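The structure displayed is predicted, hence computed values, not measured ones.
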Amino acid sequence: MARRSQVRAGTAGGCVLNGCLTFLGLLLVAAVGMWIWLETQPARDDAQARKNLRARVEVFRHRLGGAAADGILSDTEIAQVFPPSKPARGLVGVTRQGGAVTVVAEVLGQGPPRSFLSVYERSVAGCYAFEVAAASPGAPRPSVRELPREACAAKPAAPRGSGR
């Protein structure tokens with residue numbers, strides 16, 4: 001004779017036991033998913049901050065080209081294009097060689113603000129050299145190259161508002 005199970009199928013005891021195990025299994029899957037999402041959040045925020053940094057570099061390049069459109073690029077115009085944004089220093093230095101101008105600036109990129117357990121915002125700073133070629137017809141398109149962070153840290157801050 002075959003043995004019968006203790007709880008018959010279709011009774012309340014079988015549904016409670018099966019439903020409870022299903023719920024606990026789903027709760028475990030949700031907890032592991034939440035843990036993975038929280039662990040990878042800083043990397044996603046850092047990527048967003050770097051994307052914002054690249055976009056800001058393009059904005060500064062466009063503004064510098066607009067400031068140089070009249071053929072004269074004064075220190076005052078350069079200082080207005082690169083305002084300081086803490087913790088980045090903004091304008092670091094200006095080098096003039098013939099008609100060409102090289103502007104070294106520290107640019108800040110910000111990630112999305114977060115307020116889970118603590119309020120923070122991921123920020124990334126980069127050092128860039130913006131080179132404007134000698135006077136040419138029309139608005140010049142400055143070239144941009146990334147410099148090591150030490151290049152911005154080593155130079156003294158450029159004087160603000162000195163006209164030229």
Whether R149 side chain and A125 backbone form a donor-acceptor pair below 3.5 Å: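 Flag set: sc R149 to bb A125 pair under 3.5 Å.
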Exam field: side chain N52 to backbone Q110, donor-acceptor pair closer than 3.5 Å: yes
Shortest non-hydrogen separation from [X] to [Y] and the atoms involved:
X    : Y    : answer
I72  : E77  : O-OE1, 3.0 Å
P112 : Q48  : CD-CG, 3.4 Å
G111 : A49  : N-CB, 3.5 Å
V92  : C152 : CG1-O, 3.8 Å

Are [X] and [Y] close enough that some pair of their side-chain heavy atoms sits under 4.5 Å apart?
X    : Y   : answer
L64  : L73 : yes
Q80  : R63 : no
V103 : V81 : no

Shared hydrophobic cluster, L108 / Y128 (ILVMFWY, side-chain heavy atoms < 4.5 Å): no
Single-linkage hydrophobic cluster, 4.5 Å side-chain cutoff, L27 and W35 together: no
Spacing of D45 atom CG and S123 atom OG [to the nearest 0.5 Å]: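 Between D45 CG and S123 OG, I get 11.0 Å after rounding to 0.5 Å.
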Residues which pass side-chain contact (heavy atoms from CB on, under 4.5 Å) with P42, listed by chain and number, not counting sequence neighbours: R122
F130 and F60 aromatic ring geometry - parallel, tilted or perpendicular at 30°/60° bounds: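 Plane angle over 60°, so perpendicular.
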Other residues, nucleotides, ligands: >12 heavy atoms within 6.0 Å of E58 CD: yes
Crowding at CZ, R50 (>12 non-hydrogen neighbours, <6.0 Å):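 12 or below, so no.
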side-chain hydrogen bond (donor to acceptor under 3.5 Å, both in side chains) partners of E146, counting only residues at least two apart: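 Here no residue qualifies.
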